[in-house]
Amino acid sequence: MTGNSSVSPRDELPVRDELRGKSPYGAPQLDVPVRLNTNENPYPLPEPLVERITERVREAARGLNRYPDRDAVELRTRLAEYLTRTGGHRVGVENVWAANGSNEVIQQLLQTFGGPGRTAIGFEPSYSMHGLIARGTGTGWLSGPRNEDFTIDLAAAEKAIAEHRPDVVFVTTPNNPTGTAVPPATVTALYDAAQAAKPSMVIVDEAYIEFSHGASLLPLIEGRPNLVVSRTMSKAFGAAGLRLGYLAAHPAVVDAVQLVRLPYHLSAVTQATALAALEHTDTLLKYVEQLKSERDRLVAELRATGYEVTESDANFVQFGRFADAHAVWQRILDRGVLVRDNGVPGWLRVTAGTPEENDAFLDAVRGLKKEQSA
Ligand SMILES: Cc1ncc(COP(=O)(O)O)c(C=O)c1O
């Protein structure tokens, strides 16, 4: 989470005032047997895909003396095909833009539509990078409310939008770290509220949508020129190391982000690797089915063990409640399992791993319950 750290040598430098004393994003990267803390896909890429990546990258390597395709046309065409096939709405290359992870997509959107003198709102707890990227781009950050069950409090959200008239509204569905999905009617109501307050952009962050029980909100871009759906290959495609995110929106949005994107931002190696992964979409999506059933097993087993669990549409589960969540995080870590303390009071988050990893996690948390009742 964002935070105010103790004084660091970097604060001796003439850094921007709004960055002074702040902490960078930093999920712990610890060397422990079971790592279930960053919502990665636990399955390594299948060998035939590794072979195909090697082939495509070898081909790309022969042309590395040249800059890559600045507009990444082939890649955007294949991403548009994937979205059309799975997202319930027909999109073309003109609707799609890609960057180095959806974090960079979000950064480009905030550079374009946020910035100094402008504000963005998110409904927290949510993905902490939205606020951090806002800060990095000089965009003011507003924290909107949620209900006790972590759903968006629509009436309060509409009120906050009317009052603060933000330039950018973030809706994360399924939401990280809670796992909760946002109904389409809530998103359209927030969109209408945002347009009534001032013409502002609504960014629907669908990083985890492939794991959802429900459908993508991609069809909502139709007739809503200020609505953007942001996606990633880091989760469902099992390619967090690739760094490939993308968006779908009205072609004018794709055109607008050209104003801020760095020239040749997406390397030829990245484009080649992503294209290879997209050739293997069907195989990769089979892992998603496995992870969804493991997610459902985690929910059921945690509840059976006596924990509270938030409804999850993602590849992770939020569980609690704890008087001291950080102390519990440490005790689970002592048993060799790394989960995530997102700073949500009373709750921790565990990513769905392989069945063996999930068994190790469940053994750890059952052990804690036994200790408590002993
Ligand atoms: C909601 C959400 N959006 C975006 C991202 C960033 O993903 P990427 O790896 O594409 O930058 C994450 C990563 O955890 C996320 O949880």
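Each ligand, and each atom within it, is numbered from 1 in the order the structure gives.
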Quick one: side chains of residues 223-230, donor-acceptor pairs under 3.5 Å with protein atoms, not counting sequence neighbours, listed by atom name and distance.
{"from": "Arg224", "atom 1": "NH1", "to": "Leu220", "atom 2": "O", "distance (Å)": "3.1"}
{"from": "Asn226", "atom 1": "ND2", "to": "Gln195", "atom 2": "OE1", "distance (Å)": "2.9"}

Which donor-acceptor pairs under 3.5 Å do the side chains of residues 29-38 make with protein atoms, sequence neighbours left out?
{"from": "Asn37", "atom 1": "ND2", "to": "Pro28", "atom 2": "O", "distance (Å)": "3.0"}
{"from": "Thr38", "atom 1": "OG1", "to": "Glu40", "atom 2": "OE1", "distance (Å)": "3.1"}

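Between His130 and Trp141, the ring-plane angle classifies as tilted under the 30° and 60° cut-offs.
In this structure, His265 has its ring center closer than 6.0 angstrom to the ring center of Trp97.
Hydrophobic cluster membership for Val15: Leu13 (Ile, Leu, Val, Met, Phe, Trp, Tyr linked by side-chain heavy atoms under 4.5 Å, directly or transitively).
Listed by chain and number, Gly101, Ser102, Asn103, Tyr127, Thr172, Asn176, Asp205, Ala207, Tyr208, Thr232, Ser234, Lys235, Arg243 each place a non-hydrogen atom less than 4.0 angstrom from ligand 1.
A salt bridge is defined here as a Lys NZ or Arg NE, NH1 or NH2 lying under 4.0 Å from an Asp or Glu carboxylate O, and Arg321 with Glu308 meets this definition.
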